[in-house]
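These notes concern the structure reproduced below.
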Amino acid sequence: MARKRDTQSLNPVTVHREFFGVPGAVTVMTVTVSVVYIWYFSCNPEAGCQLPLTGARWKHIFAASTNYRAYLFLDAIIYYALWWSWLAMLYFVIPCPVVQGVELRNGRRLQYPINGLSSFLVTLGTALLVYVANGPKPFLWIADHYFQLAVASVIFSTSQALFVYLYSFRKSPSQNDSNEPVMLALAGNSGNPLYDFFIGRELNPRIGSLDLKFFNELRPGIMGWVLLNVSFAIKQHARFGFVSNSMWLVIVPQIWYCIDTLLFERKVLTTMDIVTDGFGWMLSFGDLTWVPAMYSLQARYLSFNPVHHSTFLAVLIAAMALGSFLVFRLSNSEKNAFRRNPNDPSVKHLEYITTEAGTKLLVSGWWGMARHINYTGDWLYGLAQCLATGFNTPMTYFFAVYFLVLLIHRNYRDECKCREKYKKDWTRYCERVPYMFIPHII
């Protein structure tokens with residue numbers, strides 16, 4: 001009875017279901033997988049790159065998608081599994097600092113190895129050796145089998161989500177803690193198998209010291225995005241004999257964004273994905289399929305449809321990317337420095353209000369401009385890469401539209417969480433910082 005009470009207090013039953021519960025979960029899973037399929041069959045060298053607005057195009061997409069032999073490719077599944085396993089091996093073998101995460105509901109702090117950037121550099125060096133030994137052929141294979149690899153990632157991510165869902169029903173997180181229940185996500189203990197599978201039942205599923213959520217968050221998908229971008233640039237050069245300035249305007253900022261993410265790997269330990277969300281289909285598919293498959297869309301489009309910009313326009317797009325990245329990075333760095341040490345010389349001049357919970361909320365500097373100024377920089381940075389593809393098709397702007405919706409939803413979750421946590425102090429804070437994204441506008 002005592003263990004049952006402990007389990008109930010640690011893992012209360014989920015009352016509020018996000019995405020409108022099961023109907024929303026089914027819709028999200030169906031729509032996101034369908035988007036990956038539709039954007040491939042509608043945007044390729046044979047079909048061009050136009051939205052399927054006619055019955056004939058939809059008929060073509062349906063016919064192509066039912067020919068499973070064209071994309072259910074055993075080699076792609078094997079190579080994808082090897083890719084995931086390679087990065088998992090590096091997770092264990094590369095020496096690195098080990099840091100503690102935030103305190104969990106049970107009072108414990110998990111440990112995380114911070115070697116994502118080292119893993120990336122080792123993988124980059126290995127890729128260079130492969131290129132020297134074999135030339136562009138392996139990378140052309142990746143570009144030519146993009147969709148087969150995407151399908152392999154769907155299979156892998158869904159299988160992983162099913163595994164962690166079933167794994168969450170074990171009696172304890174480890175053999176050494178037999179009296180401690182598995183910690184579930186507050187949003188993933190509804191009792192409905194489909195919803196909990198989608199949203200993530202367990203908060204931090206681990207196999208030994210391999211934290212599956214942390215590992216998947218930044219490694220297979222983020223590094224896979226870089227590998228796809230490089231492969232598409234090599235494909236463009238092989239097809240046309242050059243790499244267009246538009247391709248450079250896309251892949252250089254995107255690769256730098258990935259490197260920057262890995263440089264600040266330990267900061268992900270304080271994000272909602274790690275601290276709050278369970279690890280289920282939503283994060284598994286998002287990390288392994290959605291990020292590399294959809295975020296590489298601009299480079300894939302340019303690999304078969306190069307766009308040449310004037311020097312003036314290229315400089316303008318590059319300046320937009322640089323400026324928006326600085327907003328994103330400087331605002332995040334200011335917040336992180338203040339959290340680490342409010343008396344640091346770089347931030348001690350900043351104004352803040354102190355909540356009843358003891359938390360200090362910045363009301364000057366970057367964070368006095370807007371409550372989510374970093375989201376604004378992040379979105380404009382992605383928009384610049386869409387602009388690099390020109391204006392011949394709206395399909396390459398999908399990232400900007402999707403990312404805007406994602407950030408608005410994330411903003412809503414942040415606001416709800418802070419309003420519940422800080423209560424009247426949050427109202428006071430919003431009076432001091434009334435704008436969410438853009439100063440004096442919204």
Side-chain angles (χ1 to χ4, degrees), residues 36 39-40 43-49 76 79-80 83 120-150 153 220-262 289-311 313-315 317-318 320-322 325 381-393 395-400:
V36 174
W39 251 250
Y40 172 74
C43 191
N44 57 63
E46 291 75 31
C49 199
Y79 288 140
Y80 189 86
W83 168 253
F120 174 78
L121 295 175
V122 170
T123 302
L124 178 63
T126 304
L128 288 173
L129 290 175
V130 170
Y131 188 89
V132 170
N134 301 283
K137 187 176 179 180
F139 301 92
L140 294 176
W141 187 94
I142 292 172
D144 292 337
H145 293 83
Y146 152 83
F147 188 63
Q148 289 85 350
L149 291 167
S153 72
I222 292 289
M223 297 184 199
W225 179 14
V226 172
L227 182 59
L228 283 170
N229 275 356
V230 170
S231 298
F232 289 133
I234 291 173
K235 181 67 177 179
Q236 187 190 72
H237 187 273
R239 179 176 280 151
F240 300 103
F242 58 81
V243 176
S244 64
N245 60 1
S246 58
M247 179 67 85
W248 290 115
L249 287 168
V250 166
I251 68 170
V252 170
Q254 289 187 353
I255 291 173
W256 174 248
Y257 186 85
C258 295
I259 293 173
D260 177 78
T261 301
L262 295 168
T289 301
W290 189 260
V291 167
M294 296 307 297
Y295 288 17
S296 63
L297 172 62
Q298 292 89 1
R300 184 168 68 83
Y301 168 75
L302 293 172
S303 72
F304 62 83
N305 190 37
V307 174
H308 301 276
H309 294 300
S310 66
T311 301
L313 185 56
V315 170
I317 293 173
M320 178 181 174
L322 177 60
F325 176 79
Y381 191 63
L383 179 61
Q385 295 145 34
C386 297
L387 290 170
T389 64
F391 303 97
N392 292 326
T393 174
M395 295 193 74
T396 55
Y397 286 79
F398 172 81
F399 174 81

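As a basis for the values below, the full set of heavy atoms in this structure was taken, side chains included, without hydrogen atoms, waters or symmetry mates.
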**OP:** Might you work through the side chain to side chain contact (heavy atoms under 4.5 Å, CB included) test for His308 and Phe242, ending with a clear yes or no?
**Re:** CA-CA 11 Å; His308 301 276; Phe242 58 81; 3.4 Å; yes
**OP:** Could you tell me whether a side-chain N or O of Asn44 sits under 3.5 Å from a main-chain N or O of Tyr40, the two making a donor and an acceptor?
**Re:** yes
Subject >> Pairwise side-chain contact, Phe232 with Phe139, heavy-atom cut-off 4.5 Å (strictly under) >> reply: no
Subject >> Minimum heavy-atom distance between Ala384 and Ile317, given as atom pair plus value >> reply: O-CG2, 3.4 Å
**OP:** Answer yes or no: is there a donor N or O on one side and an acceptor on the other, between the side chain of Tyr301 and the main chain of Pro306, under 3.5 Å?
**Re:** no
Subject >> Nearest-0.5 Å distance, CZ of residue Phe120 to CD1 of residue Ile222 >> reply: 10.5 Å
Subject >> Spacing of CG belonging to Leu228 relative to CD belonging to Gln254, to within rounding of 0.5 Å >> reply: 10.5 Å
**OP:** Taking all non-hydrogen atoms of both residues into account, name the closest pair between Tyr80 and Pro220 and its distance.
**Re:** OH-CB, 4.4 Å
Original post:
Could you give the distance from CG (Leu124) to CG (Leu227), rounded to the nearest 0.5 Å?
Top reply: 10.0 Å
Subject >> Shortest non-hydrogen contact between Ala150 and Ala293, atoms and distance >> reply: CB-CB, 4.3 Å
Original post:
Is Ser244 reaching over with its side chain to a backbone N or O of Met247, donor-acceptor style, under 3.5 angstrom?
Top reply: yes
Subject >> Pairwise distance CE(Met395) to OG1(Thr389) - rounded to 0.5 angstrom >> reply: 11.5 Å
Original post:
Which atom names give the shortest non-hydrogen contact between Lys235 and Asp144, and what distance separates them?
Top reply: NZ-OD1, 2.8 Å
Subject >> Val307 side chain reached by His309 side chain, heavy atoms, under 4.5 Å >> reply: yes
Subject >> Side chain proximity check, Trp225 to Tyr257, heavy atoms < 4.5 angstrom >> reply: yes
**OP:** Please check if the side chain of Gln298 supplies one atom and the backbone of Thr396 the other of a donor-acceptor pair under 3.5 Å.
**Re:** yes
Subject >> Which atom of Ala299 lies closest to which atom of Ile251, heavy atoms considered >> reply: CB-CG2, 4.0 Å
Original post:
Phe398 versus Met294: any side-chain heavy-atom pair under 4.5 Å?
Top reply: yes
Subject >> Parallel, tilted or perpendicular: rings of Phe391 and Tyr397 (30°, 60°) >> reply: parallel
Original post:
Between Trp83 and Thr123, does a side chain to side chain contact (heavy atoms under 4.5 Å, CB included) hold up when you go through it step by step?
Top reply: CA-CA 10 Å; Trp83 168 253; Thr123 302; 3.8 Å; yes
**OP:** For the pair Asn134 (side chain) and Val130 (backbone), establish whether a donor and an acceptor sit closer than 3.5 Å, ignoring hydrogens and angles.
**Re:** yes
Subject >> Nearest heavy-atom neighbours spanning Gln385 and Pro253 >> reply: NE2-CB, 3.7 Å
**OP:** Using atom types as modelled and distance alone, determine if a side-chain donor or acceptor of Thr393 lies under 3.5 Å from a backbone N or O of Cys49.
**Re:** yes
Subject >> Beyond-backbone contact of Cys43 with Phe304, side-chain heavy atoms, under 4.5 angstrom >> reply: yes
Subject >> Minimum side-chain heavy-atom gap Phe399-Leu297 below 4.5 Å >> reply: no
**OP:** Could you tell me the separation between the CG atom of Leu249 and the CG atom of Leu313, rounded to the nearest 0.5 Å?
**Re:** 8.5 Å
Original post:
Rounded to the nearest 0.5 Å, how far does CZ of Arg300 lie from CH2 of Trp39?
Top reply: 11.0 Å
**OP:** Find out whether Trp141 and Gln148 are in side-chain contact, i.e. whether some heavy atom of one side chain is under 4.5 Å from a heavy atom of the other.
**Re:** no
Subject >> Student check: side-chain heavy atoms of Leu262 and Met223 closer than 4.5 Å >> reply: yes
